[in-house]
J.: 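One structure, pasted below without further comment.
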Amino acid sequence: ATTLAAAAQQSGRYFGTAVAAYKLNDSTYTGILNREFDMVTAENEMKMDALEPNQNQFSYGTADRIVNLALNQGKRVRGHALAWHMQQPGWMQNMGGTQLRNAMLNHITQVATYYRGKIYAWDVVNEAFADGSSGGRRDSNLQRTGDDWIEAAFRAARAADPTAKLCYNDYNTDDWSHAKTQGVYRMVQDFKSRGVPIDCVGFQSHFNSQSPVPGNYQTTLQNFANLGVDVQITELDIEGSGSTQAQNYSRVTQACLAVARCTGITVWGIRDTDSWRASGTPLLFDGNGNKKQAYNSTLDAL
Ligand code: XIL
């Protein structure tokens, strides 16, 4: 195979990227997008602030540019994200209690209903667990509505779109020994045991010298898969360059391929200059759109 998508398809997987709507008239960008990827995540356009700028007034136009482009080209879409403590619209940020709970559930119901049938998987809840050693929930306005807010979110999403896979997505959950990883694991285990609808867990996988690819990354993916959920690598970027970076991309790709229920990999942008990271070269294409060593090692590993 000569593209990431075609190579991933050889094992029934996908290879995706984050896409920013404002770049869709850059022909270098869209050329690579069309050629290399068969899954798309909107980088910001399907977040709560983008889709519901005023309470109960939904704004789908920019997101639809991405969704329609993807579907028209036979690509699939990962919806990102229905509920998150970041990138909330201003009106939601200061809400609390029952009012906020109902606003969150209404957002999930409206958005998942609007996109019903068009979404492969939804990140229903993003980044709800705390960093550090507690293994518990992150404090946020959503968490303060009650510990069952995540479960309520998943139930609302399932009711609105029974066809989409429903995922929990987070970062720094790659190392099996981390308390945060264990906290998410226990939640998924609990959801599965009680029949709360959850189908998948996304591992953002933003790697750098502070949080490198852990030696037990594959173990983590496998342990989650053993709970009866799919796993996906959802926002991959790896700081570095040259052969070291290439080896890290290869290791991450091999880890996914070694886990039967790891269904695909998404990188968080196309060219290094598209990255959300303020500096560095964490992606598979350089600023001119040329394939990097990391591209070749990833393709070889697929
Ligand atoms: C980032 C986007 O890439 C930036 O453009 C935006 O300014 C902030 O959010 N975890 C996530 C993503 O789940 O939504 C974040 O995306 C990166 C970290």
Side-chain angles (χ1 to χ4, degrees), residues 1-20 23-24 26-43 66-78 80 118-121 165 167 200 202-207 213 217-218 221-222 225 230-238 240-275 281-302:
T2 58
T3 68
L4 298 167
Q9 285 163 20
Q10 292 171 347
S11 67
R13 292 178 173 81
Y14 65 81
F15 207 101
T17 183
V19 168
K23 292 174 185 164
L24 290 179
D26 174 341
S27 62
T28 306
Y29 183 83
T30 54
I32 301 171
L33 170 62
N34 298 347
R35 186 183 76 221
E36 297 285 345
F37 301 100
D38 60 355
M39 181 73 72
V40 161
T41 306
E43 188 172 356
I66 295 176
V67 171
N68 293 334
L69 177 88
L71 297 181
N72 288 339
Q73 294 183 349
K75 306 181 197 303
R76 291 182 288 175
V77 176
R78 184 182 192 89
H80 175 79
K118 295 186 172 179
I119 303 295
Y120 161 73
K165 291 182 184 294
C167 307
C200 35
F203 297 82
Q204 293 183 11
S205 306
H206 297 291
F207 295 121
V213 184
Y217 188 58
Q218 183 183 320
L221 298 179
Q222 187 64 61
D230 289 342
V231 296
Q232 291 108 17
I233 297 166
T234 54
E235 304 183 13
L236 179 62
D237 49 26
I238 310 179
S241 62
S243 61
T244 306
Q245 181 182 47
Q247 277 167 26
N248 280 321
Y249 266 100
S250 180
R251 281 188 49 212
V252 169
T253 304
Q254 284 170 5
C256 180
L257 264 73
V259 175
R261 293 197 75 157
C262 182
T263 60
I265 300 173
T266 293
V267 287
W268 205 241
I270 297 179
R271 301 160 299 195
D272 285 334
T273 45
D274 298 317
S275 173
T281 54
L283 294 171
L284 298 178
F285 296 86
D286 70 19
N288 295 319
N290 297 313
K291 296 170 181 174
K292 294 167 57 182
Q293 238 181 290
Y295 172 95
N296 293 319
S297 67
T298 302
L299 187 69
D300 287 348
L302 285 167

J.: Would you give the length of the straight line joining atom OG1 of T298 to atom CG of L236, rounded to the nearest 0.5 angstrom?
T.: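 Output value for this atom pair is 7.5 Å.
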J.: Could you give all pairs that pass the salt bridge (Lys or Arg N to Asp or Glu O under 4.0 Å) test and reach residues 253-263, with sequence neighbours left out?
T.: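 Sorted pair list: D230-R261.
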J.: What distance separates R78 CZ from Q232 CD, expressed to the nearest 0.5 Å?
T.: 4.5 Å
J.: Measure the spacing between CD of Q218 and CZ of R251 and express it to the nearest 0.5 Å.
T.: 10.0 Å
J.: Should the pair F37 and F15 be assigned to parallel (<30°), tilted (30 to 60°) or perpendicular (>60°) ring geometry?
T.: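 Rings of F37 and F15: tilted, 30 to 60°.
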J.: Passes side-chain contact (heavy atoms from CB on, under 4.5 Å), T41 versus T234? Steps please.
T.: CA-CA 9 Å; T41 306; T234 54; over 6 Å; no
J.: Quick one: closest heavy-atom pair of V77 and A70, and the distance?
T.: CG2-CB, 3.8 Å
J.: If we only count heavy atoms from C-beta on, is the I233 to V252 side-chain gap below 4.5 Å?
T.: yes
J.: Side chains of K23 and D274: does their closest heavy-atom pair fall under 4.5 Å?
T.: yes
J.: Minimum heavy-atom separation for P282 and S275, please, with both atom names.
T.: CG-OG, 3.4 Å
J.: Do any N or O atoms from the side chain of N290 and from the backbone of D286 form a donor-acceptor pair under 3.5 angstrom?
T.: no
J.: Between A225 and V231, what is the shortest heavy-atom contact and its length?
T.: N-CG1, 4.0 Å
J.: For a quick test of reading the model, state the closest non-hydrogen atom pair linking A301 to Q254 and the distance between them.
T.: CB-CG, 4.1 Å
J.: Is the closest side-chain donor-acceptor distance between Y120 and T263 under 3.5 Å?
T.: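 Their side chains do contain a donor-acceptor pair, which is all the 3.5 Å distance test asks for.
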J.: Of the non-hydrogen atoms in A5 and D38, which two are nearest, and what is the gap between them?
T.: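 Nearest pair, atom of A5 first, then D38: CB-CG, 3.6 Å.
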J.: Just how far is it from atom CG of L24 to atom CG of L33, taken to the nearest 0.5 Å?
T.: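 Output value for this atom pair is 7.0 Å.
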J.: Any side-chain heavy atom of Q247 sitting closer than 4.5 Å to one from S297?
T.: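 No, side chains not in contact.
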J.: Between H206 and I238, is the side-chain contact (heavy atoms from CB on, under 4.5 Å) condition met? List the steps.
T.: CA-CA 6 Å; H206 297 291; I238 310 179; over 6 Å; no
J.: Taking all non-hydrogen atoms of both residues into account, name the closest pair between I66 and A20 and its distance.
T.: CD1-C, 4.3 Å
J.: How long is the span from the CZ atom in R13 to the SG atom in C262, to the nearest 0.5 Å?
T.: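 Output value for this atom pair is 6.0 Å.
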J.: Would Y295 and Y249 count as a side-chain contact (heavy atoms from CB on, under 4.5 Å) here? Give the steps.
T.: CA-CA 8 Å; Y295 172 95; Y249 266 100; over 6 Å; no
J.: Measure the spacing between CD of Q73 and CG of N68 and express it to the nearest 0.5 Å.
T.: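 With rounding to 0.5 Å, CD (Q73) is 11.0 Å from CG (N68).
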J.: Between K292 and D272, does at least one N-O distance fall below 4.0 Å, as a salt bridge requires?
T.: yes
J.: Distance-only, no hydrogens or angles: does the E36 side chain make a donor-acceptor pair with backbone N or O of L4 under 3.5 Å?
T.: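 Side chain of E36 to backbone of L4: a pair is present.
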J.: Decide yes or no for L302 and L257: does some side-chain heavy atom of the first lie under 4.5 Å from some side-chain heavy atom of the second?
T.: yes
J.: Excluding sequence neighbours, so at least two apart, what forms salt bridge (charged side-chain N to carboxylate O under 4.0 Å, His left out) with D26?
T.: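 By the salt bridge (charged side-chain N to carboxylate O under 4.0 Å, His left out) rule, D26 matches R271.
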J.: Would you check, one step at a time, whether the test side-chain contact (heavy atoms from CB on, under 4.5 Å) holds for K75 with Y14?
T.: CA-CA 9 Å; K75 306 181 197 303; Y14 65 81; over 6 Å; no
J.: Is there a donor-acceptor contact under 3.5 Å from the side chain of Q245 to the main chain of G240?
T.: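 Yes: the side chain of Q245 pairs with the backbone of G240.
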J.: Tell me whether the centres of the aromatic rings in Y217 and F203 are closer together than 6.0 Å.
T.: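 They do not qualify: ring centres at least 6.0 Å apart.
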